[in-house]
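Residue numbering restarts at 1 for every chain, and letters A, B, ... go by the order of the sequence lines.
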Amino acid sequence: MIAQEQKPMEEILGYLDGKQKVVVMGCGGCATFYHTGDKKAVNEMAEKLTKEGKEVFKIVLPFSFQACDIDKSGIWLEKNRKEIENRDAVLLMSCGDGVQIVADYIDEKMGIPKSVIPANDALGLVGGGPTKFKETCQSCGMCELGKTAGICPLTACGKGLMNGPCGGVRVGNKCEIDEEKDCAWVKIYERMEKLGELDKFIEMRDPHEWSKAKRPRLFEIENPVNIMTAGIGALPGFIRLVIGPKPKLEEEGKGE
Amino acid sequence: MGEKMGDEVYSDLMRELKEGKYVFTGELEPEKAGDVNEPIEMARELVGLVVACNVTDNPQSFAYVNSMAASYLIQKETGMECVYQLRCSDRNRMALLSDVLGAGALGLKNILALAGDHVSLGDTPDAKPVFDLDSTTLIAMIRKMVDEGKDLGGNEIHNPPKLHVGGAAAPGAAHLKAEVAKVKRKINVGVEYLQTQVVYYTDVLDKFFNELGKVDVPILVGIFPARTFGQANFFHENVAGVDVPPDYLEAMRKTKEIKDKEKRKEEVDRVNIEFFTGFLEHLKGTPAAGCHMMAVGYPRIIAPLKKVME
Ligand code: SF4
Ligand code: SF4
């Protein structure tokens, strides 16, 4: 998921300077998960802006309807065309992905160009939970995890080194840059030690192939997941997860 | 096709190391200035005392005069051979490659290949950190350029640079085994000598040499006689993997109380000589090939310390 936090109000108000009528739009994806674009966040933002004298119209996207998934968010945009048309700006409470996809859509598809302003700062692709998360991958396009015992050298190492550790590891094996964080390369060493792969640790890994991340990267799939099948298909799994018994691990050898 | 490692000697530093001479090197720090007058003055005082001087490249990520330019000017003005420090923090592989070619063209003979501190630690913290290569891949790239006359893409280099590449080691690293494994990796890819981060404790050094075992590359051990309490304290507080002993720090702190400038200088020298004599005596019994004296702005201390090693 894409972690995010709301920008300081001061910054947001700066972008909205001179823009009186504002649409505040949320996101039912990551931004709902991180409470930066759910219904509550949209309502609170609308309240603050109203206090600042703005005239606000709210668009809340239901859970799992992401701003960046234009197939779905487009439905809400079209439904509210009139309101958008009459406003000076759209404040989008999603990551930068959602902001850009929506901005493109209302400009190029709906033909009503508006400033679409980000309310949030995206903080990276994170994993973990339920309350603590860490950035684990930067979608570099050429995964190195097979060479580093499953720990990303580009993301988990503060310097993104392919051959660490650097000389700056702190007491307690913390990172040179931030003593709150563990040194990724000490972790890689320790995991490789457990796996009996220290010979691989000593081997030099070639410089990363950044050519695999020529930006912006474009991507296409043949069979897009459609709203109905995805929604209904996911339901039984979701119910089982909430009320059902814990899944049992398959016994060894079974099912072969 | 160039010669394989060990066959060619391009610098005085490498010659002395190969001859098995006990080697002393110094350190010069270009500043935030439009000239390199001060390091040139320092270099003049060190000529004859050390075989070569490191010229720092944006140390601790403070942006100073470009280290290649400084190395060239120092060498030209004073005849002091320079070790051009080159960090990966600020340059991508293309820039590093062209800098190595530039260094060769300017007649620089030694490069110390470093990852470098993260830019957020210095005085330009919003800079984009690069680290496109790391110290190991930089060493490998330089060896390929010098020995095979090829760049990273395998493209032919016309008249390849003739220079040596050294690397760093951190005996005081928090995780010594991982550090030593990395050092061995640098040795495997052809580093020609190693220069350690500053060490103050003999047992730290002994543990490092023990863990490393016998290796074929010469190792210079770094010491840091500080010119002022402030310098020593900065090191203590800001440099990871280096513990400055409290009694030394305290003795240095006390020198601040001496009002008379000359007397204070004498006391600083006395504290340093007293502290480092023991360390240097110990160094004689280790596999170290020499000593890198990181006495930045403090050339007068080199001669008395060298004397200990005679
Ligand atoms: S190497 Fe790191 S950034 Fe690249 S894909 Fe793998 S986990 Fe992601
Ligand atoms: S301390 Fe470890 S994680 Fe931090 S920059 Fe150095 S090698 Fe990377």
Other residues, nucleotides, ligands: >12 heavy atoms within 6.0 Å of K7(A) NZ:
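Yes, NZ of K7(A) has more than 12 neighbouring heavy atoms, counting only those of other groups under 6.0 Å.
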
Nearest atoms (heavy-atom pairs only) where A41(A) meets T36(A):
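For A41(A) and T36(A), the tightest heavy-atom pair comes out as CB-C, 3.8 Å.
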
Is there side-chain contact between Y15(A) and L91(A), with at least one heavy-atom pair below 4.5 Å?
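The answer is no; the side chains never approach within 4.5 Å.
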
Looking at side-chain heavy atoms only, is the closest gap between K182(B) and E179(B) below 4.5 Å?
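Contact flag for K182(B)/E179(B) side chains = yes.
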
Specify which of [options] makes the most heavy-atom pairs with chain B at under 4.5 Å.
{"options": "G172(A), C166(A), C183(A), G164(A)", "result": "G164(A)"}
{"options": "H208(A), K174(A), E176(A), M192(A)", "result": "E176(A)"}
{"options": "I177(A), V186(A), I188(A), D178(A)", "result": "I177(A)"}
{"options": "N173(A), L154(A), L161(A), L198(A)", "result": "N173(A)"}

Between [X] and [Y], is any side-chain donor less than 3.5 angstrom from a side-chain acceptor?
{"X": "R87(B)", "Y": "S61(B)", "result": "yes"}
{"X": "Q138(A)", "Y": "T155(A)", "result": "yes"}
{"X": "N54(B)", "Y": "Q195(B)", "result": "yes"}

For a side-chain contact (heavy atoms from CB on, under 4.5 Å) with Y193(B), tell me which candidate from V23(B), V165(B), L13(B), I219(B) qualifies.
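The option that passes is L13(B).
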
Heavy-atom contact with chain A under 4.5 Å, split by part of [X]:
{"X": "A181(B)", "value": "both"}
{"X": "D117(B)", "value": "both"}
{"X": "S120(B)", "value": "side chain"}
{"X": "A174(B)", "value": "both"}
{"X": "A140(B)", "value": "side chain"}

Under 4.5 Å from any heavy atom of chain B, what part of V171(A) do you find: side chain, backbone, both or neither?
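Backbone only.
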
E190(A) portion near chain B, given a 4.5 angstrom heavy-atom threshold:
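Looking at E190(A), just its side chain touches chain B.
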
Chain A contacts, top residue of H118(B), M141(B), K177(B) (heavy-atom pairs, under 4.5 Å):
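Answer, by heavy-atom pair count under 4.5 Å with chain A: H118(B).
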
